[in-house]
**Q** 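After the structure tokens below, expect a handful of questions from me.
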Number of protein chains: 2
Amino acid sequence: MATLDALNPSPNSSAAELSELEVGVIDFFVSAVKVLGFPKSIGEIYGMLFVSSDPLPLDTLVDRLRMSKGSASQGLKFLRTFGAVKAVYQPGDRRDHFTAELELKRLTAGFLREQIQPRLDHGEERLGRLSHLTAQLSQDAVGEFQRERVQKLERWSARSREVMPLLGSLLE
Amino acid sequence: MATLDALNPSPNSSAAELSELEVGVIDFFVSAVKVLGFPKSIGEIYGMLFVSSDPLPLDTLVDRLRMSKGSASQGLKFLRTFGAVKAVYQPGDRRDHFTAELELKRLTAGFLREQIQPRLDHGEERLGRLSHLTAQLSQDAVGEFQRERVQKLERWSARSREVMPLLGSLLE
DNA sequence: GATTTTGTTCAAGAAAAAATGAACAAAATA
DNA sequence: TATTTTGTTCATTTTTTCTTGAACAAAATC
């Protein structure tokens with residue numbers, strides 16, 4: 001292979017250093033996903049795909065971001081679960097290639113569906129149990145107070161559920 | 001003091017075990033604040049104040065939640081910065097007493113103001129620098145592509161800023 | 001069917017975040 | 001002014017979360 005290498009000064013082009021702009025965009029997303037409570041690697045992957053004009057395979061992410069294969073694999077899996085990243089068929093290459101989803105509305109919808117909905121559901125289950133508990137509370141002022149507080153939580157929960165779909169329409 | 005202790009079977013009433021309902025409510029808030037990216041102790045404190053009919057001083061939080069004084073102090077400070085907890089004057093007690101803010105709209109406003117706004121501001125600064133960088137990009141397809149992507153980020157950022165105040169009105 | 005390529009999983013290590021508790025400061029009380 | 005009460009700060013420890021890399025599986029290629 002030595003001879004072929006000589007013909008190509010940068011045999012592994014996918015490992016090229018990131019440009020200043022690329023670093024900036026990736027960094028922007030690293031901060032952004034931290035707000036959502038996701039790990040840095042998620043921001044790096046999405047950011048890299050976002051600045052890249054072509055779909056990229058896992059290898060390239062590993063090389064250019066200097067990230068382990070494990071992180072890249074898990075990160076892509078996670079991003080796919082809520083449609084932030086799509087697999088794109090590349091003719092003549094059997095590796096999967098990925099691009100970033102660019103519609104803010106879809107990204108939001110995926111986030112709400114995968115991250116928020118399940119927690120709201122879980123919260124409602126808990127509230128159901130709490131509500132049941134309040135029935136056994138004493139009939140004095142403290143008991144009455146606590147019953148009211150649990151009711152307030154139920155109103156909050158219901159309100160949150162109503163607001164969620166509205167968020168999507170705000171981004172229309 | 002031994003004689004007085006004998007008269008009072010539970011001298012430190014603030015250390016009473018949490019009731020099942022109290023544990024449930026506190027647990028609910030611990031999960032809730034995790035969604036927002038806050039530590040457990042924040043949820044414990046807010047939850048405890050939320051189920052308590054009377055304003056509580058720091059000591060009581062430390063005793064009942066079995067939490068260090070440091071955590072309680074820092075947690076209360078944090079909660080006060082965005083108005084989730086208010087100090088209430090208690091006649092005849094020189095300690096500060098705290099209650100939970102109960103208006104969902106105010107809580108949201110505080111969260112947006114203290115947590116989201118600063119990050120949006122910071123993000124815009126970064127985008128300013130990135131936008132400046134794009135001016136120096138090559139005039140080829142890749143350069144054009146990257147300029148467009150940075151513009152897209154700027155639109156996202158502007159949109160996010162527009163949506164924020166609307167969130168408040170949704171909760172009205 | 002052996003080999004290479006591609007991607008996943010998961011135990012262990014590394015890094016980041018949170019909690020602790022002791023030292024300190026400030027203010028009230030004695 | 002000395003002492004006690006109340007609350008804060010911050011270096012250290014603990015806990016939690018993230019990343020790594022090696023072992024493994026699946027599928028394509030030889």
Side-chain angles (χ1 to χ4, degrees), chain A residues 1 11-12 14-15 26-27 29-49 55-81 85-98 115, chain B residues 1 11-12 14-15 26 29-49 55-81 85-98 115 119:
Chain A
M1 277 306 226
N12 188 3
S14 66
I26 291 166
D27 225 49
F29 279 107
V30 167
S31 302
V33 302
K34 210 171 284 173
V35 177
L36 304 176
F38 301 154
K40 188 175 143 187
S41 59
I42 298 295
E44 293 176 313
I45 294 170
Y46 185 87
M48 181 83 253
L49 296 178
L56 304 179
L58 187 142
D59 303 1
T60 303
L61 293 170
V62 168
D63 291 342
R64 301 207 68 200
L65 295 170
R66 281 138 212 245
M67 160 184 293
S68 71
K69 210 155 59 121
S71 273
S73 174
Q74 290 176 171
L76 284 168
K77 181 182 178 182
F78 176 78
L79 285 164
R80 270 175 294 168
T81 61
V85 145
K86 293 170 293 188
V88 175
Y89 170 70
Q90 285 299 85
D93 195 329
R94 89 172 144 106
R95 297 171 301 177
D96 285 335
H97 286 62
F98 301 94
Q115 302 287 314
Chain B
M1 277 305 227
N12 189 0
S14 66
I26 291 167
F29 280 107
V30 167
S31 301
V33 303
K34 211 172 281 171
V35 177
L36 304 176
F38 301 154
K40 189 175 143 187
S41 58
I42 298 295
E44 292 175 315
I45 295 170
Y46 186 86
M48 181 82 254
L49 296 177
L56 304 179
L58 187 142
D59 302 0
T60 304
L61 293 169
V62 167
D63 291 343
R64 302 206 69 199
L65 295 170
R66 280 138 212 244
M67 158 185 293
S68 70
K69 209 153 61 117
S71 275
S73 174
Q74 289 176 171
L76 284 169
K77 181 180 177 182
F78 177 78
L79 285 164
R80 270 175 296 169
T81 61
V85 144
K86 292 171 294 188
V88 175
Y89 170 69
Q90 285 300 83
D93 195 329
R94 90 174 144 107
R95 297 172 300 178
D96 285 335
H97 286 61
F98 301 94
Q115 303 287 313
R119 305 206 199 223

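Letters A, B, ... mirror the listed sequences (proteins, then strands); counts begin at 1.
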**Q** Grab the CZ-P distance between B:R95 and D:dT8 for me, whole Å please.
**A**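 My rounded result for the distance is 14 Å.
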
**Q** Just wondering, do A:V62 and A:S68 contact through their side chains at under 4.5 Å, heavy atoms?
**A**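 Sidechains of A:V62 and A:S68: no contact.
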
**Q** Side chains of A:D96 and A:L58: closer than 4.5 Å at any heavy-atom pair?
**A**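 They are not in contact (no side-chain heavy atoms under 4.5 Å apart), so the answer is no.
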
**Q** Would one find a side-chain N or O of A:R80 under 4.0 angstrom from OP1 or OP2 of C:dT8?
**A**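 Result: yes.
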
**Q** State, to 0.1 Å, how close A:V35 and B:R119 come at their nearest heavy-atom pair, and which atoms those are.
**A**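 Minimum heavy-atom separation between A:V35 and B:R119: CG2-CD, 3.2 Å.
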
**Q** Grab the CG-P distance between A:D93 and C:dT6 for me, whole Å please.
**A**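 Taking CG of A:D93 and P of C:dT6, I get 7 Å after rounding.
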
**Q** Side-chain contact, heavy-atom cut-off 4.5 Å: B:F38 with B:Q115?
**A**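 Answer yes - side chains close enough.
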
**Q** Check nucleotides 9-13 of chain D against the protein and report each pair of N or O atoms closer than 3.5 Å, with its distance, or say if there are none.
**A**
| unit_1 | atom_1 | unit_2 | atom_2 | d |
| --- | --- | --- | --- | --- |
| D:dT9 | OP2 | B:K77 | NZ | 3.2 |
| D:dC10 | N4 | B:Q74 | OE1 | 2.9 |

**Q** Taking atom P of D:dG21 as reference, at what distance in whole Å does atom CE of A:M67 sit?
**A**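 Answer to the nearest Å: 12 Å.
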
**Q** Just verifying a value: how many Å separate A:I45 CD1 and A:K77 NZ, rounded to the nearest 0.5 Å?
**A**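 With rounding to 0.5 Å, CD1 (A:I45) is 13.0 Å from NZ (A:K77).
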
**Q** Show your working on side-chain contact (heavy atoms from CB on, under 4.5 Å) between A:V30 and A:E44 and close with a plain yes or no.
**A** CA-CA 6 Å; A:V30 167; A:E44 293 176 313; 3.7 Å; yes

**Q** Give the nucleotide from the list C:dA27, D:dG7, C:dA19 with an atom nearest to the side chain of B:S68.
**A**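 Nucleotide nearest to B:S68's side chain: C:dA19.
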
**Q** On a heavy-atom basis, which atom in B:L76 and which in B:F98 lie closest, and how many Å separate them?
**A**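 Nearest pair, atom of B:L76 first, then B:F98: CD1-CE1, 3.6 Å.
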
**Q** In whole angstrom, give the distance that lies between atom CG of B:D96 and atom P of C:dA28.
**A**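 That distance rounds to 11 Å.
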
**Q** Rounded to the nearest Å, what distance is computed from the CD atom of residue B:E44 to the P atom of nucleotide C:dT20?
**A**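 Between P of C:dT20 and CD of B:E44: 8 Å.
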
**Q** Once you round it to whole Å, what is the distance between P of D:dT20 and CD1 of A:I45?
**A**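 In whole Å, D:dT20 P and A:I45 CD1 are 10 Å from each other.
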
**Q** Between the protein and nucleotides 14-18 of chain C, which nitrogen or oxygen pairs are less than 3.5 angstrom apart?
**A**
none

**Q** What is the distance, to the nearest angstrom, from the CG atom on A:L79 to the P atom on C:dG7?
**A**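 From A:L79 CG to C:dG7 P: 16 Å.
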
**Q** Start at the 5' end of DNA chain D and walk down; is the nucleotide closest to A:R94 or to A:I42 reached first?
**A**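 Its nearest nucleotide lies further toward 5', so the answer is A:I42.
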
**Q** Looking at B:S73 and B:R80, what are the two nearest heavy atoms and their distance?
**A**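 So the two residues come closest at O-NH2, 4.5 Å.
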
**Q** Does a side-chain heavy-atom distance below 4.5 Å link A:R64 with A:M48?
**A**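 The answer is yes, as the side chains (C-beta and beyond) meet within the 4.5 Å cut-off.
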
**Q** Side chain of A:L58, heavy atoms from C-beta onward: which of C:dG7, D:dA27, D:dT5 has the nearest atom to it?
**A**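 My answer, after comparing the listed nucleotides, is C:dG7.
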
**Q** Between C:dG7 atom C1' and A:H97 atom NE2, what is the distance in whole Å?
**A**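 Nearest whole value for this atom pair: 14 Å.
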
